[in-house]
Amino acid sequence: MTNATVSKIFGQMADILEILGEDRFRVNSYRRSARILAELPSEADQLLRAGTLSKTPGVGKATVKKIEEYLEKGRIEAHQELLGKIPVSLLDLLSVQGMGPKGVKNAYDQLQVTSIPELKAAIEDGSLATLSGFGPKKCDGLRKAILFLEKASGRMRLDQARGVADQVMTFLKEQALVQRIEIAGSLRRWVETIGDVDILATPQDDVAPQAIIDTFTRADFVVDCLAAGPTQGSVLVHHSGTPIQVDLRIVEASSFGAAWQYFTGSKDHTMRLRDIALSKGMRLNEYGLYRTADASEPVFVTGQTEEAIYQGLGLDPVDPKLRQDRGEVEAAQAHTLPRLVTLEDIRGDLHMHTTASDGRCELEEMVTFGIERGYEYICITDHSASSIIANGLSGERLIQQIKAIRRLNEGYPEISVLAGSEVDILSDGRLDYEDGLLAELDFVVASVHSGMNNARDRGTARLLKAMDNPSVTCIGHPTTRMLGRREAMDLDMIAILRHAAETHTAMEVNSNPMRLDLNDLHCRMAIDHGVKLIINTDAHNEGGLDRLEYGVATAAKGWATKEDVLNTLPWEKLKEWMQMKQSRS
DNA sequence: GCCGTTTTCGGCCCGACTGTTTTCAGTCG
């Protein structure tokens, strides 16, 4: 938890320094430190002791010293000093679109505006309009931006963002104005929650970019147009009652790769590329890679494809899922990028429910769906007895289900149907079935469904104990988080992953877009600890089976290769892996 | 504040759009 706290402090310092008009590069440096801290694979004090923190790119002496200060005293003097200079509520104002550091400072100095409600009041009573830089259109825009903030429910899930993108792209394709149209931004990087949707297109021959922007900003689904220039437009679209920002950018085909790279980001990743370009006497922008050395005018080098941009910089092409400035630029330079796991690598789905518990489909239907998806095996994992709400199976019902699955297999030679269970991890870490019954199963995923507010040590102890059971192959949705609805359990993830490695237990990557649990950072930590992943859908109906790509993308964002994921193995090999744990006990 | 195959000082990504400051600063991505 320390990392998150220190990260927040650095973020605050960046915001305050920016409002105070400090050097913007210093501000950027604090902001980068904040991000790096939030994404660290271990607690900062551990990395500090190991000496790896100071070796992290972007973390210099001054930052390390401040972190040491925090660990020692629980506070950072420079942070306290900054907090004394402006009210902390002022930082909220930066979340209003159109309010930047200069505007915030101006409104505070002139009108003592220190919060969003006060800003709203200053707009309504006309006092804001008396300030230079706050004309009528600006004030109107701010009024709308505050309304947007009040209505918006924050970031949306990946699957929701995709729905919005599909709607817009389908519309634009129907207009026959674009030659090529692609998703960019965080949606293309499979970030677990999306702020706005970015779309990139090239025009058809003889179609002016402006015509496409005009069509886009006047479409039926647009509730408000935020900006509309000759080559790019921003609009608000309503999606299940909440406004979503969609940005469209039009470029020529010769610049498509450069634009796609730029528009995909992340911002930090792209800045690293532009850095490298400068160091090589080149310049990178959304139109292409240019040579600037030995010439008065920049000379176009390349721009049509992303691969050519990366190669022009001496880098291997980087999968969009890795573009987060978490070491992928260095790996691309050293030609050591991983070959990421793909959807095609997955041979079976090991977590799904039927009508026996809380699923919507019968056992045989799920088998048919598995065959249709080309799986070599599926595992039926209905809930266990304690999950009363989910109609969990009593021991007796589970025995009957095992028999039914054994019989069923005779009729489906093309697929192995495995008898499994998603067994509850009880409050003391015991499991919800007798060991003898668990041993009868082909596969067991053990999950927490109650007591999710357990204190850190207790919750962690529950998972550690569950892993000790030789029948448990995998911990299901380990943190139990639900994006936008429920926080992750407070767990000592390092201790859990160490124990997983010791006990030969795998970690699930739950593909439900509301869960994505483990998340990408935890996946990477698991791999670093030598822990195998299993990517499952946890499907409760046919559609649920098709969400596997979200789990695969999450694991890939954690740098997972095929070798890191157990359900890329044929069933016989997977069985051997499971037997290694059972024989050790 | 960070960083170094021209540098331990002097750089630091780069362009679009908006509004209103008649030539550009602020904001955004």
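So you know, we letter chains A, B, ... as the sequences are listed, proteins then strands, and number each from 1. Please read all numbers here as calculations on a predicted model, not as lab measurements. Side chains are part of it too, since the values below use all heavy atoms of this structure and drop only hydrogens, waters and symmetry mates.
Across all strands shown, Lys267(A) has heavy atoms under 4.0 Å from base atoms, whether or not it also approaches the sugar-phosphate. Val96(A) comes within contact range of the sugar-phosphate backbone alone, with a heavy-atom separation under 4.0 Å but no base atom that close. Contact annotation for Thr63(A): backbone-only contact, meaning every heavy-atom pair under 4.0 Å involves sugar-phosphate atoms and none involves a base. Heavy atoms of Asp23(A) sit under 4.0 angstrom from at least one base atom. Note on Ala277(A): nothing from the nucleic acid sits closer than 4.0 angstrom, heavy atoms only. Contacts of Tyr30(A) with the nucleic acid, taken as non-hydrogen atoms under 4.0 Å apart, involve only primed sugar atoms and P, OP1 or OP2. Val59(A) comes within 4.0 angstrom of the backbone, heavy atoms only, and of no base. Residue-level contact check: Lys105(A) touches neither bases nor backbone, having no heavy atom under 4.0 Å from any strand. Within 4.0 Å of Ser33(A), counting heavy atoms only, lies no atom of the nucleic acid at all. Residue Leu278(A) is in sugar-phosphate contact alone, with no base atom involved, counting any heavy-atom pair closer than 4.0 Å across all strands shown.
The 12-atom threshold is not exceeded at CZ of Arg24(A), counting heavy atoms of other residues, nucleotides or ligands nearer than 6.0 Å.
Judged by a 6.0 Å distance limit and a 45° cone about the ring axis, Arg326(A) is not positioned over the six-membered ring of Trp559(A). Seen from the ring of Trp260(A), Arg188(A) counts as a face-on cation partner, given the 6.0 Å and 45° thresholds.
Checking dC17(B), dC14(B), dG15(B) against the side-chain heavy atoms of Gln232(A) singles out dC17(B) as nearest. The side chain of Glu286(A) sits closest to dA16(B) out of dA16(B), dT27(B), dC2(B).
Here the P atom of nucleotide dC2(B) and the CD1 atom of Ile67(A) are 10 Å apart, to the nearest Å.
In terms of position along DNA chain B, the nucleotide closest to Ser279(A) lies nearer the 5' end than the nucleotide closest to the other residue of the pair Ser279(A) and Arg283(A).
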